[in-house]
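For this chain, numbers begin at 1 and follow the sequence in order.
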Amino acid sequence: HRRGQRQHQAEAGALASRGGGLDAHAHRAELGAHHAQADAAAGLLAAHLDEPGARKALDRALDALEKVPPLLIESIDPCVRLAEAYVMLMRKAAASGGAELAELDKQLTRTCAYARRLEKRFPIVVPDERHWRAEADWLLGRQSTALKHWQTAVAAAERTGMVYHQWRAH
């Protein structure tokens with residue numbers, strides 16, 4: 001992972017030295033999105049497999065994602081994967097006594113805040129963000145808030161023609 005980071009930094013530095021300041025900045029942002037995507041995918045997989053490193057990978061991906069301006073379409077996938085994985089961990093925490101629920105909810109809230117910044121440019125992120133926020137609210141005993149988020153998810157999925165998301169939010 002570090003070797004890949006050094007290579008990406010070297011590529012970005014080479015771009016900058018050729019006078020591509022804006023290009024270098026865009027390249028670094030895109031690389032950040034790719035790192036976040038890889039960590040989010042690893043964290044989601046680890047969460048599915050009940051691996052202890054899941055939370056660490058997810059937190060690392062969220063930190064990386066928040067450094068990427070919400071302008072790249074490549075940011076959508078890791079954002080949605082993070083939300084899903086945090087909710088998955090919240091379900092497991094709730095089933096085992098709920099000790100980590102509040103901390104996981106904070107991380108999900110950060111993820112959803114990033115998604116809301118993304119939705120200005122990419123409205124297709126709205127159904128996922130609202131769905132996972134609703135799932136978490138339900139787990140936290142906020143049923144009326146959860147229902148509002150699910151209704152918003154359905155409406156957003158209808159507006160964007162996302163049939164699977166309409167079905168899932170019902």
Side-chain angles (χ1 to χ4, degrees), residues 1-2 5 29 31-157 160 162 164-170:
H1 186 71
R2 286 189 181 164
Q5 283 180 320
L31 291 173
H34 289 299
H35 284 295
Q37 189 168 18
D39 283 341
L44 180 58
L45 181 60
H48 275 291
L49 298 173
D50 282 330
E51 295 206 7
R55 173 71 191 277
K56 194 177 283 189
L58 294 173
D59 291 348
R60 187 174 53 243
L62 180 55
D63 290 341
L65 187 63
E66 288 177 325
K67 293 175 185 170
V68 176
L71 306 172
L72 300 174
I73 197 163
E74 291 88 358
S75 300
I76 295 171
D77 189 59
C79 189
V80 171
R81 287 176 194 246
L82 283 168
E84 178 182 0
Y86 280 123
V87 169
M88 181 179 299
L89 292 178
M90 288 178 77
R91 286 181 190 141
K92 291 175 183 180
S96 66
E100 286 190 316
L101 272 175
E103 185 58 35
L104 289 166
D105 184 50
K106 285 180 188 177
Q107 298 299 82
L108 178 66
T109 298
R110 286 176 54 199
T111 304
C112 290
Y114 185 86
R116 284 190 302 279
R117 292 190 350 242
L118 265 178
E119 75 186 40
K120 293 173 186 167
R121 185 169 275 220
F122 306 109
I124 60 170
V125 78
V126 176
D128 280 312
E129 184 270 331
R130 297 303 188 281
H131 172 77
W132 295 116
R133 180 72 261 171
E135 290 275 335
D137 286 335
W138 191 268
L139 287 169
L140 295 167
R142 303 180 216 150
Q143 281 75 19
S144 63
T145 303
L147 290 172
K148 289 176 190 172
H149 285 297
W150 272 315
Q151 290 167 350
T152 306
V154 169
T160 55
M162 300 172 76
Y164 167 76
H165 292 75
Q166 289 174 340
W167 167 82
R168 182 184 63 185
H170 275 302

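Shown here for I73 and F122, the closest heavy-atom pair between the two residues is N-CZ, 3.5 Å. The minimum heavy-atom distance between P127 and A153, with the atom names listed, is O-CB, 3.7 Å. In terms of heavy atoms, A115 sits closest to V125 at O-CG1, 3.5 Å. Nearest heavy atoms, L118 versus S75: CD1-O, 3.8 Å. Looking at every heavy atom in both residues, P70 comes nearest to Y114 through CA-OH, 3.6 Å. The two atoms that bring T160 and P123 nearest to each other are CG2-O, 4.0 Å, heavy atoms only.
In this structure, CZ in R117 is found 12.5 Å from SG in C112, a value given to the nearest 0.5 Å. For the atom pair E103 CD and Y86 OH, the distance stands at 8.5 Å (nearest 0.5 Å). I76 contributes atom CD1, which lies 4.0 Å from atom CD1 of I124 (distance to the nearest 0.5 angstrom). The CD atom of E66 sits 9.5 Å away from atom SG of C79, with the distance rounded to the nearest 0.5 Å. Between the CG atom in L62 and the CD atom in Q107 there is a gap of 5.5 Å [rounded to 0.5 Å]. Once rounded to the nearest 0.5 Å, the distance linking CG of D128 with CE of M162 reads 5.5 Å.
Listed by chain and residue number, nothing satisfies the side-chain hydrogen bond (donor to acceptor under 3.5 Å, both in side chains) test with Q151 (two or more places apart in sequence, or in another chain). A search for salt bridge (Lys or Arg N to Asp or Glu O under 4.0 Å) contacts involving R130 returns E119, not counting sequence neighbours. Looking at residues two or more places apart in sequence or on another chain, you find a side chain to side chain contact (heavy atoms under 4.5 Å, CB included) between A83 and L108, T111, W132. In terms of the salt bridge (Lys or Arg N to Asp or Glu O under 4.0 Å) criterion, residue partners of R116 (sequence neighbours excluded) are, by chain and number, E129. The salt bridge (Lys or Arg N to Asp or Glu O under 4.0 Å) test applied to R91 returns E135, not counting sequence neighbours. In this structure D59 satisfies the salt bridge (Lys or Arg N to Asp or Glu O under 4.0 Å) test together with R55, sequence neighbours excluded. With sequence neighbours excluded, the residues forming a side chain to side chain contact (heavy atoms under 4.5 Å, CB included) with R142 are D105, R133, D137, L140, T145, listed by chain and number.
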